[in-house]
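The structure appears below as structure tokens.
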Amino acid sequence: MISRIKGTEDTIEESWLWEWIEGRFKEVATNFGFTQIRTPTFEATELFDRGVGNETDIVQKEMYTFEDKGGRSITLRPEGTAPVMRAFIEHNLSSKGLPQKLFYYGPMFRYEKPQSGRLREFHQFGAELIGSALPIADVFVISMAIEMLNSVGLTNFKLKINSTGDEKCRPEYVKALRNYYRDLLPKLCDDCKVRYERNVLRLLDCKKDAQYAKDAPKITDYLCSDCKAHFETLKRYLDELDIQYEVDPSIVRGLDYYTRTVFEFKYPALGAQDAIGGGGRYDKLIEELGGSKTPSVGFAFGIERIILALKMENKVPEAKGIDVYVIAVEDAQRVESLKIAKALSKFFTVDVDIMGRNLKGQFSQASKENARFVIVIGEEEIKEGLYTIKNMKTGEQKRVRFSDIIEMVKI
RNA sequence: GUGGCUGUAGCUCAAUUGGUAGAGUGUCGGACUGUGGAUCCGAAUGUUGUGGGUUCAAGCCCCACCAGCCACCCCA
């Protein structure tokens, strides 16, 4: 037997749930004026090297990279923002006016050790608001994200925010952090010794050395006046919109392109993989990829984790059954039942037996498919030109004309 | 990538100190030749994750691999 690749999933009985979530998210995004962008699932490796950042874990150890037959280095996209910005630049979308509001949906790939809520192929729904440097843009995007979560019934999530500064103040902060950790270096875990060299910010969210992070210098004390003003305004707007949040200095996010605002939606009940979504501002990404300076902000949700959270909250809606099941009493009425089913399929979801089951078997099947109504077609029905319709919930049943069937099922 | 736990029917799980697999549920059929979800009866289904090894004998012990889960790492 050939089985699926480690860290991937087949979605069979739950396809409807996926479609439902995608539908709700698309609806909210569309109502907020976003339109969909579809980019390839693979890109030139260089895009992520430069976009996501060479020193990040994603680029260092998680990318699905291979050489194609033309000798090009290809990478299965590990995230959605860099590809969207590539497309934004490539199609000169800024010429169409700013802001550009784009959402995307699709599979992402990261070579990691799988766990529940962490797959090698997973799905993200993301949105990018391109062109505004104002804190109001951050709040716009955050409130849309919250609307999305609410639209599928999720409420027990926490919004955590932080500011990572910009190219002016972050180096100052990094310097201060280095100073602080220099003397502690021998006491730190091996990973942190590497982080000290590569990316000091990451020291802050190490779980083993959390004791030292407590007294470490805080980024918020080192923000330059512009970044500080941005952060303060953001918080004030959130307050005014009654959006609950928590400032969490340990949120630095694993992608290099973030500047100023970063945020995460946490769902603590999920355990170690508790981020159901995250995002932030990336004011320098577009110019780093060769475009002109265009400040932007965006976020992405992980669909698998949203589904886990929904299940945990018991918020998964009931799967809908079919509207009508058409039953033939005897073989002689099978063609007629198919004709009726075909006619009804123009209006409703409908099924008919093709397994040669007897009457009872067909009724069982109708129950199993959660049919709201059953149409019974036997010798008598054909003789009278009236069809028996049974409401499967109430058990009520009567003989009606075809046009009445449509009226009854419609309700 | 590191460490720990696990792997038996479609699903959830049994199987004394090693003695070549069983229940519930689901599926199918019948009780019930024009009526489902209830009840009763019956039937089918496994190379015990894969491959080696130890043993007279392995679901059980040992090794390797594969997969899942948990933690780390990191994130969605």
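Order of the sequence lines fixes the chain letters, A, B, ..., with proteins taken first and strands second; residue numbering starts at 1 for each chain.
- When the side-chain nitrogen and oxygen atoms of Lys368(A) are compared with OP1 and OP2 of rC28(B), one or more of them lie within a distance under 4.0 Å.
- Atom P of nucleotide rG36(B) and atom CD1 of Ile322(A) are separated by 17 Å, given to the nearest angstrom.
- No hydrogens or angles were tested; on distance alone, nothing pairs the side chain of Lys360(A) with the base of rU33(B) as donor and acceptor under 3.5 Å.
- The side chain of Glu381(A) has rG34(B) as its nearest neighbour among rC74(B), rG34(B), rU35(B).
- Between Phe109(A) and Phe42(A), the distance separating the two ring centers is not shorter than 6.0 angstrom.
- Paired with Phe125(A) under the rule ring pair (Phe, Tyr, Trp, His ring centres under 6.0 Å), one option of Trp18(A), Tyr104(A), Phe299(A), Phe103(A) passes, and it is Phe103(A).
- The distance between atom CZ of Phe363(A) and atom P of rG30(B), rounded to the nearest whole Å, is 16 Å.
- In this model, a side-chain donor or acceptor of Glu112(A) finds a partner on the base of rA76(B) within 3.5 Å.
- Taking a pair to require two hydrogen-bonding distances under 3.5 Å in either a Watson-Crick or a G-U wobble arrangement, rG46(B) remains unpaired.
- Across all strands shown, Gly279(A) has no heavy atoms under 4.0 Å from either base or sugar-phosphate atoms.
- Of all nucleotides listed (rC74(B), rG36(B), rA76(B)), rA76(B) comes nearest to the side chain of Ala275(A).
- Remark: rU17(B) base-pairs with no nucleotide in the shown strands. Criterion, Watson-Crick or G-U wobble with two distances under 3.5 Å.
- Between the side chain of Gln365(A) and the base of rG37(B), no donor-acceptor pair under 3.5 Å is found.
- In this structure, Phe157(A) has its ring center no closer than 6.0 Å to that of Tyr267(A).
- Distances were taken from every side-chain heavy atom of Gln115(A) (C-beta onward) to each of rA71(B), rA76(B), rG34(B); the shortest belongs to rA71(B).
- Between Tyr258(A) and Tyr282(A), the ring planes are perpendicular. Angles over 60° get that label, and only those under 30° would be called parallel.
- Rounded to an integer number of Å, the gap from Leu119(A) CG to rC69(B) C1' is 13 Å.
- In this structure, Arg178(A) satisfies the cation-pi test against Tyr196(A), with its NZ or CZ atom closer than 6.0 Å to the six-membered ring centre and inside 45 degrees of the ring normal.
- Residue Arg4(A) places none of its side-chain N or O atoms closer than 4.0 Å to OP1 or OP2 of rA67(B).
- Within 4.0 Å (heavy atoms only), Ala366(A) reaches no atom of the nucleic acid at all.
- Cation-pi contact between Arg401(A) and Tyr387(A): absent, since separation from the ring centre below 6.0 Å together with deviation from the ring axis within 45° is not met.
- For Gln397(A) against rU35(B), a side-chain N or O and a base N or O form a donor-acceptor pair under 3.5 Å.
- Scanning atom types as modelled, no donor and acceptor separated by under 3.5 angstrom connect the side chain of Arg118(A) and the base of rA76(B).
- Under the Watson-Crick and G-U wobble criteria, each requiring two contacts below 3.5 Å, nucleotide rG36(B) is left unpaired.
- Glu380(A) comes within 4.0 angstrom of a base, heavy atoms only.
- Taking the six-membered ring for Trp and the full ring otherwise, Phe25(A) and Tyr105(A) have centroids separated by 6.0 Å or more.
- Atom CG of Asp57(A) and atom P of rC73(B) are 11 Å apart (whole Å).
- Across the protein-nucleic acid pair, Tyr258(A) atom OH and rC74(B) atom P stand 16 Å apart, rounded to whole Å.
- Across all strands shown, rU2(B) is found opposite rA71(B) as a Watson-Crick or G-U wobble partner, with both distances under 3.5 Å.
- In the set rG34(B), rA76(B), rG3(B), the nucleotide with an atom closest to the side chain of Val376(A) is rG34(B).
- Applying the Watson-Crick and G-U wobble criteria (two distances, each under 3.5 Å), rG7(B) pairs with rC66(B).
- Remark on RNA chain B: of its neighbouring residues Arg399(A) and Pro114(A), the 5'-side contact belongs to Arg399(A), judged by nearest-heavy-atom nucleotide.
- Distances shorter than 4.0 Å separate some side-chain N or O of Ser116(A) from OP1 or OP2 on rC70(B).
- One N or O donor and one acceptor, one from the side chain of Lys390(A) and one from the base of rG36(B), sit under 3.5 Å apart.
- Of all heavy-atom pairs between Lys158(A) and Pro268(A), the closest is NZ-CG, 4.1 Å.
- Side-chain N/O atoms of Ser364(A) and base N/O atoms of rG36(B) include no donor-acceptor pair closer than 3.5 Å.
- The same atom, C1', is picked in rC66(B) and in rG49(B); the two are 7 Å apart, to the nearest Å.
- Aromatic stacking of Phe122(A) on rA76(B): satisfied, with centres closer than 5.5 Å and planes within an angle under 30 degrees.
- Along RNA chain B, the nucleotide nearest to Glu379(A) and the one nearest to Arg305(A) differ in position, and the one closer to the 5' end is contacted by Glu379(A).
- When the P atom of rG68(B) is taken as reference, atom CZ of Arg120(A) falls 8 Å away, rounded to whole Å.
- Remark: the separation of the C1' atoms in rC73(B) and rC63(B) is 29 Å, to the nearest Å.
- rU35(B) atom C1' lies 5 Å from atom CG of Leu359(A), rounded to whole Å.
- Regarding Arg357(A), its CZ atom lies at a distance of 6 Å from the P atom of rC28(B), rounded to whole Å.
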